[in-house]
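A short write-up of the structure that comes next.
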Amino acid sequence: MWPQREIRILFWNNNIAGVTSLCTMAAGDGMADIIGRCLGKSNPWPFFFENNKSIDGSLAFVYFSSIAIVVLAGWFSYTGCMSVNVIPLLPQILGVCTACAFIEILPFGDDNWTVPISSAVLATL
């Protein structure tokens, strides 16, 4: 029998964990790269973070992934694929997106794996 977390990840369009995982990787990571390359050359992250990541890119990650989660979950709720009210979940969505933006700038691991996995795990908590 499949554990519930694996089912949520495989069937991403009927639960908030799958939507969160998809949107943080597609919208958040994608826009962080674009905004970071265009605007973030003058403000890289200090200390031990990856030196090719910028504060502007991380802020873009949080903003665009949050918007994408709200829009996609709202659309799935409107069409009947998922029954969720997104408005009460806004603090949790912002928290997950902020945590994933922090995970993305860590200097270890491939963010193409760590971001969607961590967002799915954090969204199920």
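If you're wondering where the values come from, they're calculated on a predicted model, not measured in any experiment.
Under the 4.5 Å side-chain heavy-atom criterion for Ile, Leu, Val, Met, Phe, Trp and Tyr, Val19 and Ile93 are members of the same hydrophobic cluster. By the criterion of side-chain heavy atoms lying less than 4.5 angstrom apart, applied directly or through intervening Ile, Leu, Val, Met, Phe, Trp or Tyr residues, Leu22 is grouped together with Ile16 in one hydrophobic cluster. Note on Ile117 and Ile103: separate hydrophobic clusters, where clusters join Ile, Leu, Val, Met, Phe, Trp and Tyr whose side-chain heavy atoms are under 4.5 Å apart, directly or indirectly. Clustering ILVMFWY residues whenever any of their side-chain heavy atoms sit less than 4.5 angstrom apart, transitively, puts Leu94 in a cluster other than the one holding Tyr63.
To the nearest 0.5 Å, atom CE of residue Met31 and atom SG of residue Cys38 are 9.0 Å apart. With values rounded to the nearest 0.5 angstrom, Leu39 atom CG is found 11.0 Å from Ile34 atom CD1. Going from atom CG of Asn112 over to atom CE of Met25 covers 4.0 Å, rounded to the nearest 0.5 Å. For the atom pair CG (Asp29) and SG (Cys23), the distance works out to 13.0 Å, reported to the nearest 0.5 Å. The structure places NZ of Lys53 at 10.0 Å from CG of Leu106, a figure rounded to the nearest 0.5 Å. To the nearest 0.5 Å, the span separating CD1 on Ile55 from CD1 on Ile35 amounts to 15.0 Å.
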Only pairs under 3.5 Å count here: list side-chain donor-acceptor contacts from residues 65-79, not counting sequence neighbours, and write none if there are none.
unit_1, atom_1, unit_2, atom_2, d
Ser65, OG, Phe61, O, 2.5
Ser65, OG, Val62, O, 3.4
Ser66, OG, Val62, O, 2.7
Ser77, OG, Val84, O, 3.1
Thr79, OG1, Trp75, O, 3.1
Thr79, OG1, Phe76, O, 3.3

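Of the possible polar contacts, none joining the Ser21 side chain to the Ser119 backbone as a donor-acceptor pair under 3.5 Å is found.
Of all the heavy atoms in Ser118 and Cys100, the pair that sits closest is OG-SG, 3.8 Å.
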